[in-house]
Number of protein chains: 2
Amino acid sequence: MQDRVKAILAGLDLWAEWPSPTQRRIVGAALESFAERGFHGTSLKHIAAGSGLSTAALYVHFASKEELLFALSRRGHALARDLVAQAAEGEPARALSVLVAAFTHWHAEHRTIARVVQYEQSALEHGHALEIAALRRDTERIVRDLLGRGVDAGVFAVSDVPGAAAAVLSLGIDVARWYGPRGRWSPHELAELYADLAARMLGVP
Amino acid sequence: MQDRVKAILAGLDLWAEWPSPTQRRIVGAALESFAERGFHGTSLKHIAAGSGLSTAALYVHFASKEELLFALSRRGHALARDLVAQAAEGEPARALSVLVAAFTHWHAEHRTIARVVQYEQSALEHGHALEIAALRRDTERIVRDLLGRGVDAGVFAVSDVPGAAAAVLSLGIDVARWYGPRGRWSPHELAELYADLAARMLGVP
DNA sequence: GTCTATATTTCGATAGAC
DNA sequence: GTCTATCGAAATATAGAC
């Protein structure tokens with residue numbers, strides 16, 4: 001299982017969308033500040049200082065602060081969906097463990113982008129929010145479908161598939177809220193633990 | 001179990017701290033906006049409009065916007081800790097079910113205050129944040145102690161008590177992020193479902 | 001206690017030189 | 001592509017009349 005988790009995580013590249021070094025500095029600084037203070041708590045001065053540029057220079061690379069958030073949120077949502085889609089392939093019990101482990105590991109190790117993904121949706125403009133919501137629905141449906149397959153195959157004992165799917169996702173998502181790198185668990189240890197807890201939750205024999 | 005959950009929830013009163021009707025209108029408007037847009041996304045105009053007052057009138061009742069957040073956050077954290085403390089009494093397996101049901105129900109039904117509690121800590125001033133952190137530690141320790149008691153009594157099968165406690169709390173906390181009153185579950189239904197999932201997660205026989 | 005009016009700062013975004 | 005300088009709007013908070 002661990003090899004498959006490792007392979008999925010290694011295949012994800014947050015930065016692929018931004019080839020230029022300057023753009024990466026800007027995006028990185030925005031990411032840190034959005035994750036720490038939230039979108040509305042972040043000023044352009046924070047991003048400018050974090051990337052070593054003036055506030056005016058930011059506008060050469062991004063049309064607005066909200067466009068920067070949107071680009072980050074879209075990229076993060078696409079990564080999370082790809083992670084879940086890859087993990088959900090194959091035999092349900094094993095897929096569930098891989099999914100929870102990879103999802104949890106990602107939320108712990110990439111806490112900054114995960115926080116933007118999970119907690120900054122309300123700062124998006126309406127049209128952008130709609131596009132993001134579609135990515136979220138994809139992710140949720142993949143998990144529900146996996147649970148449904150497992151129930152049909154008799155390896156999960158679950159009375160409410162959408163409810164159990166919400167619970168499985170919540171385990172990983174909430175890690176972005178509380179996890180700190182100086183804490184008790186490495187991302188890997190937490191992933192193993194949560195995969196085990198989720199399997200028990202679903203009644204895997 | 002349901003009677004005990006109901007009794008605990010009925011004993012919690014968010015408004016006890018604010019006897020005056022005007023204060024309640026202000027606190028209520030701030031709560032709605034903080035939950036919807038976050039602290040930094042909320043302006044005094046939002047709160048003034050929501051409470052039917054001018055921005056200047058707000059300062060008769062609260063020293064600053066941050067003091068208003070602090071008062072709300074402290075009250076919400078105290079309620080959550082009291083809920084958990086009451087639920088954790090008694091036989092571990094039953095206490096765990098009561099705790100998860102009441103905690104989940106509260107996060108669904110009182111989503112606004114729950115969101116302030118769970119997601120607006122970083123907007124607090126340093127001294128205020130320290131006071132809030134102490135309340136959070138109390139809550140977390142109560143849950144860890146309950147799980148430890150259950151393991152000692154042989155009713156929970158858990159290899160990592162702090163890790164399992166984090167997972168149990170995450171189930172309820174994340175409800176504040178995604179739950180909507182127009183969704184698939186009533187707070188009561190979700191509470192029952194999550195109490196069952198948590199019991200399985202902890203290996204309750 | 002509430003209002004209108006306003007002080008002061010900071011915000012996102014733009015202009016124009018280099 | 002980056003800078004300094006600045007615009008206009010919006011933010012928090014206060015002054016003073018009623």
Side-chain angles (χ1 to χ4, degrees), chain A residues 15 17-74 116 120-129, chain B residues 15 17-73 116 119-129:
Chain A
W15 304 102
E17 199 169 304
W18 302 285
S20 131
T22 306
Q23 281 190 335
R24 290 190 182 200
R25 272 159 47 213
I26 295 170
V27 169
L31 190 53
E32 292 293 325
S33 189
F34 290 165
E36 182 81 11
R37 290 177 272 253
F39 176 77
H40 292 297
T42 295
S43 78
L44 291 177
K45 283 182 82 167
H46 291 128
I47 302 173
S51 56
L53 293 170
S54 67
T55 59
L58 302 176
Y59 285 88
V60 174
H61 303 277
F62 292 94
S64 71
K65 187 180 135 185
E66 196 273 345
E67 282 284 351
L68 190 43
L69 172 67
F70 175 53
L72 266 168
S73 183
R74 187 176 47 187
V116 169
E120 299 301 325
Q121 280 190 84
S122 74
L124 292 166
E125 288 173 9
H126 181 65
H128 291 164
Chain B
W15 305 102
E17 199 168 304
W18 303 285
S20 130
T22 305
Q23 282 190 334
R24 291 191 181 198
R25 271 159 48 214
I26 295 170
V27 169
L31 190 53
E32 292 292 325
S33 189
F34 290 165
E36 182 82 11
R37 292 177 269 253
F39 176 78
H40 292 297
T42 295
S43 78
L44 292 176
K45 283 182 84 166
H46 290 128
I47 302 173
S51 56
L53 293 170
S54 67
T55 59
L58 302 176
Y59 286 87
V60 174
H61 304 277
F62 293 94
S64 71
K65 186 179 130 182
E66 195 272 346
E67 283 284 349
L68 189 42
L69 172 68
F70 175 54
L72 266 168
S73 183
V116 169
Y119 302 125
E120 299 301 325
Q121 280 189 84
S122 74
L124 292 167
E125 288 173 8
H126 181 65
H128 290 164

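Naming convention: chains lettered A, B, ... in sequence-line order (proteins, then strands); numbering from 1 in each chain. Keep in mind that the numbers below use all heavy atoms, side chains included, and drop hydrogens, waters and symmetry copies.
- Judged by closest nucleotide on DNA chain C, A:H46 is the one of A:A56 and A:H46 placed further toward the 5' end.
- The minimum heavy-atom distance linking B:L58 with B:A48 is given by the pair CD1-N, 4.1 Å.
- A:E36 has its side chain out of reach of A:H46: every pair of non-hydrogen atoms, C-beta onward, lies at least 4.5 Å apart.
- Here the side chains of A:L68 and A:K65 are not in contact, with every heavy-atom distance at 4.5 Å or above.
- Taking atom CD on A:E125 and atom C1' on C:dG12, their separation rounds to 13 Å, with Å as the unit.
- Between A:L72 and A:W18, the closest side-chain pair of non-hydrogen atoms falls below 4.5 Å.
- Computed from coordinates, the B:L44 CG to D:dA11 P distance equals 9 Å when rounded to whole Å.
- Residue A:S43 has no polar side-chain atom (N or O) positioned under 4.0 Å from OP1 or OP2 of D:dA11.
- A close approach under 4.0 Å does not occur between any side-chain nitrogen or oxygen of B:T55 and OP1 or OP2 of C:dT2.
- Distances from the side chain of B:A57 to the nucleotides D:dT12, C:dT2, C:dA15 place C:dT2 closest.
- Atom CG of A:L53 and atom C1' of D:dT4 are 14 Å apart (whole Å).
- Distance from the side chain of B:V60 is smallest for C:dT2 among the nucleotides D:dT14, D:dG1, C:dT2.
- B:S20 comes within 4.0 angstrom of nothing in the nucleic acid, heavy atoms only.
- Atom C1' of nucleotide C:dA13 and atom NE2 of A:H61 are separated by 16 Å, given to the nearest angstrom.
- Nucleotide C:dA13 holds its P atom 14 Å from the CD1 atom of A:I26, rounded to whole Å.
- Atom P of nucleotide C:dG12 and atom NE2 of A:H40 are separated by 11 Å, given to the nearest angstrom.
- An OP1 or OP2 oxygen of C:dT2 is reached within less than 4.0 angstrom by no side-chain nitrogen or oxygen of B:S54.
- In this structure, B:H128 and B:F70 have parallel ring planes: the angle between them is below the 30° cut-off, well short of the 60° mark.
- The distance from atom CZ of B:F62 to atom P of D:dA13 is 13 Å, rounded to the nearest whole Å.
- In this structure, B:L58 atom CG and D:dA11 atom P are separated by 14 Å, rounded to whole Å.
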